[in-house]
There are 2 protein chains.
Amino acid sequence: MVINPPLKQSSVLRSKYDPQQRITVAVDCIIFGFDSEKLKLLLFRRKVEPFKGSWSLIGALIKNDVSLDQGASEILYRLTGLRDVYLKQLKTYGAVNRDPVERVISVAYYSLIRINEFDLKAVEDHDARWFDLKDVPDLLLDHGRMVQDAIRSLRLMARNRPLGFELLPQLFTLPQLQILYESIYDTKFDPRNFRKKILSLNILEKTDTKDMSGSKRGAFLYRFRKNSLDGSSMSNGEFEKLKEVIQF
Amino acid sequence: MVINPPLKQSSVLRSKYDPQQRITVAVDCIIFGFDSEKLKLLLFRRKVEPFKGSWSLIGALIKNDVSLDQGASEILYRLTGLRDVYLKQLKTYGAVNRDPVERVISVAYYSLIRINEFDLKAVEDHDARWFDLKDVPDLLLDHGRMVQDAIRSLRLMARNRPLGFELLPQLFTLPQLQILYESIYDTKFDPRNFRKKILSLNILEKTDTKDMSGSKRGAFLYRFRKNSLDGSSMSNGEFEKLKEVIQF
DNA sequence: CCAAAAGTGTTAAGCATACACCCATGC
DNA sequence: GCATGGGTGTATGCTTAACACTTTTGG
């Protein structure tokens, strides 16, 4: 319940809050993608002033009858045609002068998508490009900060739950999974230790087919075990372990 | 940069965004306090309809010329007289119908304060009460959810950085610190293991004075080492270790 | 036959856990 | 002198980290 000066709860009683105080609210999306080689970020180039030519995240104003989560989903849907994209609210940026046009509060979300699964047409229509995380250019407004915050959050999250669900195709190889984690943490892991750790979690199922695209020998395909995360199929001890998943 | 339908960047060019789409924005504060015995939550009782008698978080509408962080600080300042309270943005709640009076987006913050350091007058003026975390009553709107989210975030945060800074007085005893962590995680720790872990982090300085209030024998007072967290005074190895602080 | 990527085991060190008794003091 | 809370050490198992070679196969 909102309370404004004087800091008395009686002020909350008005049937409508002060319309003078309404603020423009936007959603901005940090879109991470993985193409089995590198973790990438989708950026959009402004075609007009101000900031013409600058790279930017994609966003939209929030209408009064749309929730924040819906707003973010819609951006992703219009862009990718995908409905069930993973979206996580990152943080809300509320500095008064962050947008020179007008005071805008922006709620940032980040999403994880499989690059191969959506067509590049939509991307090209928007003058967009995938960037390696290392090559992210300067972004307009506070979007650079948003991206930094999103990467930090992604890393934090990746040690608590296996993100492969969202970023990898249904069937994937252990080398791919390793590359994904190496991209996220910008480091290298020992393949023996990586496999040992991942397999000990009992969240993967090995298939008997191989992916031959990455090497001559081929690499076995795995899939994530459904329900491996809701705990119902696990003892307590295993579940506790899971919470510390992937702490290399 | 905000973009609204049509999803074209050219729409961003307007000098002013559509004023029809402005939304009422509020800040709500989850206030955690510690009194050397239990971790508590400060709640406020509504005196008027709607929701008369319900317990609630404290909040305020955000004015167009005030940042979110400032808005949250001001609430805390008016309430406690303290200027440098720890405040962390938790999450933004944006469901369309979360407030029956009007569509309001609420940015939730949580703060950590030392209960003993501010006067209860301010609290009593607001018909407020400290609740043990276990006894939190039903709250109005989605405030209950906010509190649950804040507790989860607090626990997550407490394993990455020592929160004692914010919740304990400058000088404190190890038993107090242990009780604090036990409150946060709602569990018990072995005192030998707890001390070993905490002291191995090199973030505490022992003083040669004792606090005699808790026992006949008295317990040595400690303080947090300044700069123990900015990494400058530490080797890389130690800093890495710190990032995993307090993972009981 | 060789280049390129996939796959595999062992050891040592560090960390977390479990556990029980003495100490200092006020009353 | 006893009740109360403060303070201490050790042994065990587990997790992590470091490390190098063999396998498969397409070209």
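Proteins come first, then strands; the chains are lettered A, B, ... in the order of their sequence lines, and each starts at number 1. Just so it is clear, the structure is predicted and the values come from calculations on it, not from any experiment.
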Review point. Expressed in angstrom and rounded to an integer, what is the separation of A:L199 atom CG from C:dA6 atom P?
Key: 15 Å
**Study point:** Spacing of B:K206 atom NZ and B:T173 atom OG1 [to the nearest 0.5 Å]
**Key:** 12.0 Å
Review point. With side chains defined as the heavy atoms from C-beta onward, is the minimum distance between A:S67 and B:R98 less than 4.5 Å?
Key: no
Check your understanding: In whole Å, what is the span from the NZ atom of B:K188 to the P atom of C:dC19?
Key -> 17 Å
N/O donor-acceptor pairs under 3.5 Å from side chains in residues 34-43 of chain A, not counting sequence neighbours:
from  : atom 1 : to     : atom 2 : distance (Å)
A:D35 : OD1    : A:E37  : N      : 2.8
A:D35 : OD1    : A:K38  : N      : 2.9
A:D35 : OD2    : A:K40  : NZ     : 3.0
A:K38 : NZ     : A:D132 : OD2    : 3.1

Practice item. Check the distance between D:dG7's C1' and B:K197's NZ and give it to me in whole angstrom. Key: 20 Å
Exercise for review: Would you mind reading off the distance between B:F194 atom CZ and C:dC19 atom C1', rounded to a whole angstrom?
Suggested key: 18 Å
Can you tabulate the close N/O pairs, meaning under 3.5 Å, that link protein atoms to atoms of nucleotides 22-27 of chain D?
from   : atom 1 : to     : atom 2 : distance (Å)
D:dT23 : O2     : A:R217 : NH1    : 2.6

Study note, to complete from the structure: Rounded to whole Å, the NZ-P distance (A:K206 to C:dA6) equals 13 Å
Check your understanding: If you find the nucleotide of DNA chain C closest to B:D190 and the one closest to A:P191, which residue's nucleotide is nearer the 5' end?
Key -> A:P191
Exercise for review: Check whether NZ of the Lys or CZ of the Arg A:K88 lies under 6.0 Å from the centre of the six-membered ring of A:Y86 and within 45 degrees of that ring's axis.
Suggested key: no
Practice item. Figure out the CD/P separation between A:E37 and C:dA5, and round it to whole Å. Key: 11 Å
Review point. If you pin B:L174 and A:K196 to their nearest nucleotides in DNA chain D, which one's is more 5'?
Key: B:L174
Practice item. Check the distance between D:dG5's P and B:R192's CZ and give it to me in whole angstrom. Key: 18 Å
Revision key, fill the gap. Checking C:dG7, D:dA17, C:dC19 against the side chain of A:R195 (C-beta onward), the nearest is C:dG7
Practice item. State the CH2-CZ distance between B:W55 and B:F131, to the nearest 0.5 angstrom. Key: 4.0 Å
Point to revise | Any residue meeting side chain to side chain donor-acceptor pair (under 3.5 Å) with A:R152, in chain and number order, not counting sequence neighbours | key: A:D149
Review point. Donor-acceptor pair, B:D190 side chain versus B:N193 backbone, under 3.5 Å?
Key: yes
Check your understanding: To the nearest Å, how far apart are A:N193 CG and D:dC14 P?
Key -> 18 Å
